[in-house]
Amino acid sequence: MTDAVLMLAQADFPTPMGVLTLNHYLFVSTAMFALGLIGFMTRRNLIIMFLCTELMFQAAGLALIAFGRYHLNFDGQTFVIFILTIAAAEAAMALALVVLLFRRRESLDADLWAELKG
Amino acid sequence: MNTAIAELPINPLLLYVACVLGAIGVILAMPRKGVSPMVFGGLLAAAAGGLIVLGLTSHAERHAQTPSIFFYIFGLLALGAGLRMITHPKPVYAALYFILTIIASSGLYLLLSAEFMAFALIIIYAGAILITYLFVIMLATLPPSEDDMDALATYDASAREPIVATFAGFTLLAVLTTMLFRGTLSLPVRHGMDSSDAILSKLPGKVEDNLSASLHAAELMTPEEHIARQVDVGRVWIDSARRRVLVSRGENTAGPDQGELVRWVDVPAEMWPADMVGTNVEGVGLNLLADHPMTIEIAGVILLMAMLGATVLARKQVDLEEEAKARQARHLALDVVAEDVG
């Protein structure tokens, strides 16, 4: 047991990636995006719908960082900073809207606003 | 044909089977009225994830790669928490599961050696944005009625078109991953940012610190001397071509023509920092400020607009519609009656 712990401690701790491929990360990112899309389409609660868009932002950010690592430059990380900004702005605006809509109808059901589709 | 499949990182058939399994799992895990086979659906989706991991791992062993265990832990944690987030009927729990997704994906960022973004993600997303969401969830939820504390609103209790949406989402996933697994793109081993000559042009202070420390240690510079620097323009007198530095005892140095105050010191070859590595924060900062300065401007304008917009929206006085007014009136009347009876 102690030997195993010592061996773990002596190994190169988080193996610095030469062994993983870009595809692994892109797969996680794609699956996350698909989950966010499914959630956006199925859930009827306005707040959860916006949470699902945040999940999709997250997936895009992971893909950007993975590509930046693949090309060994920092552009991907700069773009993720931008995504964080957009997500913060979107959260502020969307949540203000959600509170407004909730006060008007006393409900968060997206179907109540179906008349907006014209 | 078989050799072509063997070259792929995962067997396509396995991939599609995993996609179908995952889709069925997500459909089953969706909230619905009555008894919902949520646990079973979650298990099925986890099995699909396990299939993909198995396929990827067996390939990796064939090519003598041992993938980092941390990747699988963080990846499965992120996807599992994401699945739970889109299927949990209660909004508060969904937001908490999203925080778990954020933390797991910041672990993935660490594996991708993006340390700054990993911590920025936790601080900004989990710390600020998600807390805002939690506040709004608390603000915009009807108080639970007395008789059934656990009652869900109808729009939370059942999903809208779960089968069609899941089919669409997993078709997208299958198509994208088919393109994805056409070939493997192995990530290059990180070799640091640049050579020290390249860093000298971008981050002269870093080279200066490094050189002056080693020169002081080797007593090529006396303690009262320092590497000359033009204060107004910030230029350091390091001659990377001839491997020498200008050493000065004065404060402001205009150049090598200042006589007894300055002298050139030749740096021995072994002291020259040849393979200097820029840290992640330095790299991101340089990239943001030097290569994409417009990003900051645009981000600032967007944040300003969001702030103004949120203020305008929040100040607006909203009148309840007739129906909601009537509902609220009935609610209040019931309360009054209840108090009278009590």
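Note that the coordinates shown come from a computational prediction; the quantities given were computed from them, not determined experimentally. Just so it is clear, the values below take in all heavy atoms, side chains as well, and ignore hydrogens, waters and symmetry mates. Just so we're on the same page: letters track the sequence lines, and every chain starts at 1.
Annotation: side chain of M41(A) is not in contact with side chain of P162(B) (no heavy-atom distance under 4.5 Å). Annotation: side chain of Q77(A) is in contact with side chain of I65(A) (closest heavy-atom distance under 4.5 Å). Taking the side chain as every heavy atom from C-beta outward, F70(B) and L110(B) never approach each other to under 4.5 Å.
The parts of M85(B) that come within reach of chain A are both its backbone and its side chain, each placing non-hydrogen atoms under 4.5 angstrom from that chain. For chain A, no part of F135(B) is nearby; none of its heavy atoms comes within less than 4.5 Å. Both the backbone and the side chain of A95(B) come within less than 4.5 Å of a heavy atom of chain A. Heavy-atom distances place the side chain of L130(B), and not its backbone, under 4.5 Å from chain A. When heavy atoms are compared at a cutoff of 4.5 Å, L288(B) approaches chain A by way of both its backbone and its side chain. Proximity to chain A (any heavy atom under 4.5 Å) is restricted, for I129(B), to the side chain, taken from C-beta onward. Contact of I296(B) with chain A is not made at all, since no heavy-atom distance falls under 4.5 Å. Neither the backbone nor the side chain of L112(A) has a heavy atom closer than 4.5 Å to any heavy atom of chain B. For L172(B), the part sitting under 4.5 Å from any heavy atom of chain A is the side chain, from C-beta outward, and nothing else. Neither the backbone nor the side chain of T171(B) comes within less than 4.5 Å of any heavy atom of chain A.
Under the 3.5 Å distance criterion, with hydrogens and angles disregarded, no donor-acceptor pair is assigned to the side chains of Q58(A) and T101(B). For the residue pair E54(A) / Y125(B), a side-chain donor-acceptor distance below 3.5 Å is found, with atom types taken as modelled.
Of the possible donor and acceptor atoms, one in the side chain of N280(B) sits under 3.5 Å from a partner among the backbone N and O of F116(B). The backbone N or O of M294(B) sits nowhere less than 3.5 Å from a side-chain atom of H292(B) that would complete a donor-acceptor pair. In this structure, the side chain of T177(B) engages the main chain of L173(B) through a donor-acceptor pair within 3.5 Å. S106(B) places no side-chain N or O within 3.5 Å of a backbone atom of I122(B) that could act as its donor or acceptor partner.
Interface remark: of the candidates G82(B), A94(B), P91(B), P91(B) forms the most heavy-atom pairs closer than 4.5 Å to chain A. If you tally non-hydrogen atom pairs under 4.5 Å between each of D75(A), T30(A), V98(A), T85(A) and chain B, the highest count goes to D75(A). Counting heavy-atom pairs closer than 4.5 Å to chain B, the top residue among L46(A), I47(A), L37(A), L101(A) is I47(A). Top candidate by heavy-atom pairs under 4.5 Å with chain B, chosen from L62(A), L108(A), V80(A), is L108(A). When I81(A), L97(A), I48(A), N45(A) are compared by the number of non-hydrogen pairs under 4.5 Å with chain B, N45(A) comes out ahead. Counting heavy-atom pairs under 4.5 Å between each of I137(B), V164(B), T311(B) and chain A puts I137(B) at the top. Per-residue heavy-atom pair counts under 4.5 Å with chain B were compared for F79(A), F50(A), F40(A), F33(A), and the maximum is reached by F50(A). For the options L76(B), L121(B), V26(B), heavy-atom pairs under 4.5 Å to chain A are most numerous at L121(B). Between chain A and the residues L176(B), L79(B), L303(B), the largest count of heavy-atom pairs under 4.5 Å involves L79(B). Ranked by non-hydrogen atom pairs under 4.5 Å with chain B, the options A92(A), A87(A), A110(A) are led by A87(A). Counting heavy-atom pairs closer than 4.5 Å to chain A, the top-ranked of the candidates G169(B), G49(B), A140(B) is A140(B).
In summary, the aromatic rings of Y133(B) and F98(B) are positioned with their centroids too far apart to meet the 6.0 Å limit.
Salt bridge R69(A)/E115(B): absent, no basic N to carboxylate O contact under 4.0 Å.
In plain terms, the two heavy atoms of A310(B) and M93(A) that are nearest each other are N-SD, 3.7 Å.
Applying the salt bridge (Lys or Arg N to Asp or Glu O under 4.0 Å) rule to pairs touching residues 25-44 of chain A yields R44(A)-D109(A), R44(A)-D111(A), sequence neighbours excluded.
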